[in-house]
Number of protein chains: 2
Amino acid sequence: MALVVQKYGGSSVADAARIKRVAQRIVATKKAGNDVVVIVSAMGDTTDELLDLAQQVSPLPPGRELDMLLTAGERISMALLAMAIANLGHEARSFTGSQAGVITDSTHGKARIIDVTPGRIREAVNVGQIAIVAGFQGVSQDTKDITTLGRGGSDTTAVALAAALEADVCEIYTDVDGIFTADPRIVSAARQIPRISYEEAMEMAACGAKILHLRCVEYARRFTLPIHVRSSFSSREGTWVVSDPNFEGNVMEQPIISGVAHDRSEAKITVVGVPDKVGEAAAIFRTLADAEINIDMIVQNISAAATGRTDISFTLPSADGTVGVTALKRIQGQIGFEKILFDDQIGKVSLIGAGMRSHPGVTAKFFGALADAGVNIEMISTSEIRISVIVGQEDVDAAVTAAHRAFDLDADQVEAVVYGGTGR
Amino acid sequence: MALVVQKYGGSSVADAARIKRVAQRIVATKKAGNDVVVIVSAMGDTTDELLDLAQQVSPLPPGRELDMLLTAGERISMALLAMAIANLGHEARSFTGSQAGVITDSTHGKARIIDVTPGRIREAVNVGQIAIVAGFQGVSQDTKDITTLGRGGSDTTAVALAAALEADVCEIYTDVDGIFTADPRIVSAARQIPRISYEEAMEMAACGAKILHLRCVEYARRFTLPIHVRSSFSSREGTWVVSDPNFEGNVMEQPIISGVAHDRSEAKITVVGVPDKVGEAAAIFRTLADAEINIDMIVQNISAAATGRTDISFTLPSADGTVGVTALKRIQGQIGFEKILFDDQIGKVSLIGAGMRSHPGVTAKFFGALADAGVNIEMISTSEIRISVIVGQEDVDAAVTAAHRAFDLDADQVEAVVYGGTGR
């Protein structure tokens, strides 16, 4: 008997009708002979509605109380889902993060899981019950206060519980069929990826693909837990995220590029005229770190010998733009740079593929495709299995489309690959 | 330093504006030099909305899951209230029933409190924090599942916590100024009662006065905990519920009748032609008890010697009418009674007053007043400090008004009493 962990997001349980449909899918999985543990997010817009209420009573609510408030969302969806399953004649029990043994640190709003002790979940499963667990939430080890895990928290709950329960698979249900080679809203010829490695899925998550969160894939990789990303609206196979996507009969040649990701949520700050002295860049990035801003790409121009000054550009989440600029202006006198430029009309386009390790010339081909499409590159950053460029936001669609076609990812180009080797 | 426990109902925290106003009142109490523990209900219609959602996914949801669902309501209101207090510069922490140490049995939907271990609340108060506790909920001793206390549960939470914390007073905030001599919507001359005994408040609760629930007053009496019922919309003194309302300088003569209560939520069943044999009535009421129906008043006519048969009438909550009639029809053959009559167009009017103990003739005066008003009495029931009659539902207003005037309760009749002896 396999143990299947399923995670359903907010759009899958947005109303009573959807909750009933999800209940049917869960019962079908149980009837197929599996033990089932389900992680569920808050219904549709519940979290936003609760945040709005919080804003109405306090402009800056304490983190502990905000977490207490938001965790009401999953409490509602999980109880309703357990009722819907009971109504189908199967026994289901809902558990809060705390009851499920999701132990975290005390960082309200973005707590990290430090232990999972799912004794009550195991007991429920052992007596044949379907366990429904609130995603996104836990309880702090030190203060016994309720915490939330922050963005992507429900996926992380699912993977962490699946790992602790030694589940056979963690199924992440979403409103699309899986992970695609590019956003189908931009590239109509984009294909669903049947299998992908943890490393590639992590790069895609980091580069703006919204299906899986980085933390959740990191967690799964650490425990070599297979993730199956699939649609809650169909029974089709989705995308398997595994250690070695070419294992088990998937013998056809690995594509060089697995997918093209893009991200419009970043902005660029350029610090102009930084004195080219030891420690100036460090002071800039220390200031940003103290403001809790995560920097993505960094480019430093070669110092113009004549002036002894250099420009430093970096990207950061657009939402942090104001805080970042303000923090830097505060140290302008101390550093002595000339000015700050801020640009939130940028986009990041990334090629991801483990195959590029063994294929030289990927960068040249990528840049050539962008040049042919008339797209100007502002910044470049690479890893072993990724190449990212910053372009003007208006060029993102053209860049994604050009890259997708240049690397033979369009559906008409690779039909044999697409429909071979799915499944597990 | 006094310890004040305050309870705010759903209408007091129905929206963000009201939550902020309640926060101001709490902070004022704290600033006046008191330690403050607050019990809060779910916002306005939240509970009804959650029940509606439950009905949409399951016609008969399991009690455990329904409790899990409904407890989300107080979680939302308590977190928002804590935020609003924090926004006023005071430290507040919210606690679920479980965190506050409200230990119950496992009867989902109407759990009974079996222990209160408010260690975390004491700790919070000791370091100067305002503790906000979810009303209506607890955790079962045996299964560690979340439970709810049923109707009036938040009041009971407040009194139970106040008793366990040895609070100086439990303030119950509501949307009226206190307990009245009659429902002001019926008797415009009704007055607010400044002080009332536990026993009278219990009789009033049992007879349909909606301000305080029976369980909560019972609990307060057991611990001799003073309850102060008052309005969350004004700072006026409300009604004190205490052991001896004539103590401490309230030396004026006690009124014979403290108040007139009424209740339109009951129905009457008459079992016609019951064979007048030992055990027949017992069989009828055993059947109703097995159906978990609470019987209120019972009248058995004197047996007609000629027929050897008798009629048995009793009242029960209207909502249980169908279940009661069905249960009785099932034993009709066994008992051999002739037929069942069901009437939900009745009302109960009750006089309550510890003073009637020492004043003979109350019953005669009450019945005389009803007769003068043209009200026919269908059933009668009495206790040491109460007389209740069942009348036609259309006669309830006339009966309440007549009784209120007959016992000199109208405001113009007793002004001296009303405005004397308030406070504590």
Side-chain angles (χ1 to χ4, degrees), chain A residues 13 15-23 42-43 46 49-50 52-88 91-96 98-99 119-120 123 132 134 139 143-146, chain B residues 13 15-23 42-43 46 49-50 52-88 91-96 98-99 119-120 123 132 134 139 143-146:
Chain A
V13 293
D15 55 36
R18 290 193 183 186
I19 288 173
K20 286 166 149 176
R21 194 170 51 194
V22 164
M43 292 169 72
T46 308
E49 288 164 16
L50 291 173
D52 181 52
L53 272 174
Q55 280 300 315
Q56 286 178 44
V57 299
S58 170
L60 203 69
R64 178 187 187 277
E65 300 305 326
L66 200 55
D67 280 357
M68 186 67 96
L69 178 73
L70 295 182
T71 50
E74 294 86 37
R75 175 171 285 242
I76 293 170
S77 56
M78 74 182 187
L80 291 172
L81 186 53
M83 289 175 195
I85 292 170
N87 198 40
L88 297 175
E91 212 179 339
R93 318 210 104 199
S94 64
F95 297 93
T96 63
S98 171
Q99 290 176 332
R120 292 188 69 175
E123 278 172 33
I132 313 291
V139 61
T143 61
K144 308 298 176 212
D145 285 328
I146 303 303
Chain B
V13 292
D15 55 36
R18 291 193 181 184
I19 288 173
K20 286 168 152 174
R21 193 168 51 194
V22 164
M43 292 169 74
T46 307
E49 288 165 13
L50 292 174
D52 181 51
L53 271 175
Q55 281 299 315
Q56 287 178 43
V57 299
S58 169
L60 203 71
R64 178 189 187 277
E65 300 305 326
L66 199 55
D67 281 357
M68 185 67 96
L69 178 73
L70 294 182
T71 50
E74 294 86 38
R75 175 173 285 243
I76 293 170
S77 57
M78 73 182 190
L80 291 171
L81 185 52
M83 290 175 195
I85 292 170
N87 198 39
L88 297 174
E91 211 178 343
R93 317 210 104 201
S94 65
F95 297 94
T96 64
S98 171
Q99 290 175 334
R120 291 188 69 175
E123 279 172 33
I132 313 290
V139 62
T143 60
K144 309 297 176 215
D145 285 327
I146 303 305

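These numbers come from a predicted model, not from an experiment. Sequence lines set the chain letters: A, B, ... in the order given, protein chains first and strands last, and positions in each chain run from 1.
- Of the atoms belonging to Ala92(B), it is backbone heavy atoms, and not side-chain ones, that fall under 4.5 Å from chain A.
- Residue Leu88(A) does not touch chain B at all, counting heavy-atom pairs closer than 4.5 Å.
- With a threshold of 4.5 angstrom between heavy atoms, Gln99(B) approaches chain A through side-chain atoms but not through N, CA, C or O.
- Within the 4.5 angstrom heavy-atom criterion, atoms from both the backbone and the side chain of Arg93(A) approach chain B.
- Between chain A and the options Gln56(B), Glu74(B), Met78(B), heavy-atom pairs under 4.5 Å are most frequent for Gln56(B).
- Taking both residues in full, the closest heavy atoms of Ile76(A) and Leu69(B) are given as O-CD1, 3.5 Å, listed atom of the first, atom of the second, then distance.
- Heavy-atom distances place both the backbone and the side chain of Thr71(B) under 4.5 Å from chain A.
- Within the 4.5 angstrom heavy-atom criterion, no atom of Thr46(B) approaches chain A.
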| request: Go through the steps to decide whether Glu65(A) and Ile132(B) satisfy the test side-chain contact (heavy atoms from CB on, under 4.5 Å), and finish with yes or no. | output: CA-CA 11 Å; Glu65(A) 300 305 326; Ile132(B) 313 290; over 6 Å; no
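- With a 4.5 Å cut-off on non-hydrogen atoms, Ser98(A) does not touch chain B at all.
- Considering all non-hydrogen atoms of both residues, Phe95(B) and Arg64(A) come closest at CE2-NH2, 3.8 Å.
- Scanning all heavy atoms of the two residues, the minimum distance from Leu53(B) to Met43(A) falls at CD2-CE, 4.1 Å.
- Among Asp145(B), Leu60(B), Ile146(B), Leu50(B), the residue making the largest number of heavy-atom pairs under 4.5 Å with chain A is Asp145(B).
- When atom types are taken as modelled, the side chain of Arg75(A) and the backbone of Gly73(B) share no donor-acceptor pair closer than 3.5 angstrom.
- For residues 15-22 of chain A, heavy-atom neighbours of chain B at less than 4.5 Å comprise Ala16(A), Ile19(A), Lys20(A), sorted by residue number.
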